[in-house]
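First comes the structure, then the notes that go with it.
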Amino acid sequence: MGHGNWNSADWDRHARHAAGRSRAEIFGARAMDPGLDPKFMTGGVRESVDSAENPQSTPIVVTCDVTGSMGVTAEVIVKQGLGVIMQGIYDRRPVTDPHVLVGATGDVFCDQAPLQVTQFEADMRLVEQTQRLFLEGGGGGNGGESYNAAWYFAAMHVRADAIAKKRAKGWLFTIGDEPPHEVLPARAIGRVFGDPAPRDLSSREILARVQQDWEVFHLLVNPGSYPTDRWEFLLGERLIPVHDVARLGEIVLATIEGRQAMRAPSQAVIPAGRSIWL
């Protein structure tokens with residue numbers, strides 16, 4: 001997926017309309033849409049494919065925590081953030097031909113819909129799909145959320161021309177306020193993705209695999225609300241505090257710009273396709 005091009009006039013019309021609507025009016029789903037369920041993805045993957053319209057595609061994944069009160073992050077993304085990210089990339093060109101996928105993360109230990117994912121899109125279809133997300137508002141009060149499911153998804157269930165053909169890295173941002181769970185259980189991998197899993201996977205080993213192909217960051221909302229030692233151990237400086245959720249789009253854009261400027265032109269990327277079970 002990822003056909004079409006971003007149109008700022010279309011976004012502006014959407015933003016004016018969305019500004020006067022409540023979160024409940026924008027996100028009307030009362031259960032997970034099968035079209036956003038990772039278990040039912042066509043061919044088991046989401047695709048970011050080069051096309052005549054987008055010949056140098058760049059895959060970007062942005063996942064929002066939708067547990068408890070964190071549904072506000074999805075609201076900000078659909079009202080403001082996507083426009084800031086997409087228009088900013090087209091205006092400032094830190095990367096080429098953005099293909100963006102929006103996800104919703106929850107808790108695999110207790111939620112009905114612990115991960116939902118749109119297609120990779122380059123136009124207003126992304127907004128339409130994002131509004132179909134189910135803001136479950138769950139979470140288990142168990143000391144974490146399943147951000148590692150988004151890492152597993154990107155590592156194992158994305159097919160991107162930028163990664164496979166050009167040996168370039170994609171961009172992966174998780175957003176939320178809690179620590180990551182330490183493991184992604186084998187039973188959850190089967191339930192969420194339909195993958196046979198011989199054992200549980202630690203967040204550390206999932207992260208090591210996904211970082212082969214993706215620049216990985218976490219935007220920590222309301223820093224100070226929870227201990228950050230687990231995040232700091234896993235991501236270090238790639239843990240980004242967010243004191244104002246209204247700036248989520250700006251922070252994603254600025255992170256891409258800043259990190260891209262630091263890259264050496266000849267930086268190598270480990271080829272995709274290695275098994276996470278090695």
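For clarity, every value in this text was computed on a predicted model and none was experimentally measured.
- Thr174 and Ala150 make their closest contact through CG2-CB, 4.0 Å (heavy atoms, listed as atom of the first residue, atom of the second, distance).
- Ring centroid separation for the pair His218 and Tyr147 comes in under the 6.0 Å cut-off.
- No side-chain donor from either of Asn222 and His243 sits under 3.5 Å from a side-chain acceptor of the other.
- Atom CG of Leu115 sits about 9.0 Å away from atom OG of Ser146, to the nearest 0.5 Å.
- Ion pairing between Asp244 and Arg247 fails under the 4.0 Å rule for side-chain N and carboxylate O.
- Taking both residues in full, the closest heavy atoms of Asp177 and Leu220 are given as O-CD1, 3.7 Å, listed atom of the first, atom of the second, then distance.
- Of all heavy-atom pairs spanning Gln80 and Ala246, the tightest one is OE1-O, 3.2 Å.
- Taking 4.5 Å as the limit, every side-chain heavy atom of Val49 sits out of range of all side-chain heavy atoms of Lys165.
- Atom CH2 of Trp214 and atom CD1 of Ile60 lie 9.0 Å apart (nearest 0.5 Å).
- Here Ser57 contributes atom OG and Asp97 contributes atom CG; the two are 7.0 Å apart, rounded to the nearest 0.5 Å.
- In this structure, Ile256 and Pro94 have side chains that are in contact, with non-hydrogen atoms separated by less than 4.5 Å.
- Counting only heavy atoms from C-beta outward, the side chains of Val102 and Leu82 approach each other to under 4.5 Å.
- Taking every heavy atom of both residues into account, Ala29 and Phe134 meet most closely at O-CD1, 3.5 Å.
- For the pair Ser51 (side chain) and Asn54 (backbone), a donor-acceptor distance under 3.5 Å is present.
- Defined by atom type and a distance below 3.5 Å, a donor-acceptor pair is present between the side-chain atoms of Glu121 and Gln129.
- Using modelled atom types, no side-chain atom of Lys79 and backbone atom of Ala15 make a donor-acceptor pair closer than 3.5 Å.
- In terms of hydrophobic clustering, with Ile, Leu, Val, Met, Phe, Trp and Tyr side chains grouped at heavy-atom distances under 4.5 Å, Phe233 and Tyr226 are assigned to different clusters.
- Taken from CG in Asp213 to CG in Leu172, the straight-line distance is 11.0 Å, to the nearest 0.5 Å.
- Under the 3.5 Å distance criterion, the side-chain polar atoms of Ser202 are left unmatched by any main-chain donor or acceptor of Val183.
- The closest donor-acceptor contact from the side chain of Ser203 to the backbone of Asn148 lies at 3.5 Å or more, if one exists at all.
- In this structure the side chain of Asp50 never reaches within 4.5 angstrom of the side chain of Pro55, judged on heavy atoms.
- From Leu126, atom CG reaches atom CG of Leu101 across 8.0 Å, with rounding to the nearest 0.5 Å.
- Heavy-atom minimum distance, Ile85 versus Leu253: O-CD1, 4.3 Å.
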Check against side-chain contact (heavy atoms from CB on, under 4.5 Å), Leu207 and Gln211: CA-CA 6 Å; Leu207 181 61; Gln211 285 180 320; 3.7 Å; yes

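- A distance-only check finds a donor-acceptor pair linking the side chain of Arg30 to the backbone of Gly28 [under 3.5 Å].
- A chain of hydrophobic side-chain contacts below 4.5 Å, direct or via other Ile, Leu, Val, Met, Phe, Trp or Tyr residues, connects Ile189 to Val158.
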Test log, rule side chain to side chain donor-acceptor pair (under 3.5 Å), inputs Thr67 and Glu145: CA-CA 8 Å; Thr67 64; Glu145 306 297 357; 3.1 Å; yes

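- Looking at His181, its side chain does come within 3.5 Å of a backbone N or O of Gly144 through a donor-acceptor pair.
- Separating the NZ atom in Lys39 from the CG atom in Leu36 is a distance of 15.0 Å, to the nearest 0.5 Å.
- For the pair His157/Arg46, no side-chain contact is recorded, criterion being any heavy-atom separation below 4.5 Å from C-beta on.
- When atom types are taken as modelled, the side chain of Ser48 and the backbone of Phe120 share no donor-acceptor pair closer than 3.5 angstrom.
- The two atoms that bring Ala113 and Glu136 nearest to each other are N-OE1, 2.9 Å, heavy atoms only.
- Inter-residue side-chain proximity for Leu133 and Thr130 is flagged as met; some heavy-atom pair is nearer than 4.5 Å.
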Test salt bridge (Lys or Arg N to Asp or Glu O under 4.0 Å) applied to Glu128 and Arg132, step by step: CA-CA 7 Å; Glu128 183 276 325; Arg132 288 161 45 199; 3.6 Å; yes

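- By the 4.5 Å heavy-atom criterion applied to side chains, Val117 and Phe153 are counted as neighbours.
- The aromatic rings of Trp11 and His14 sit tilted relative to each other, their planes meeting at an angle between 30° and 60°.
- Without hydrogens or angle criteria, Asn7 side chain to Ala9 main chain gives a donor-acceptor distance under 3.5 Å.
- Residues Leu201 and Tyr152 are in side-chain contact: their nearest non-hydrogen atoms beyond the backbone lie under 4.5 Å apart.
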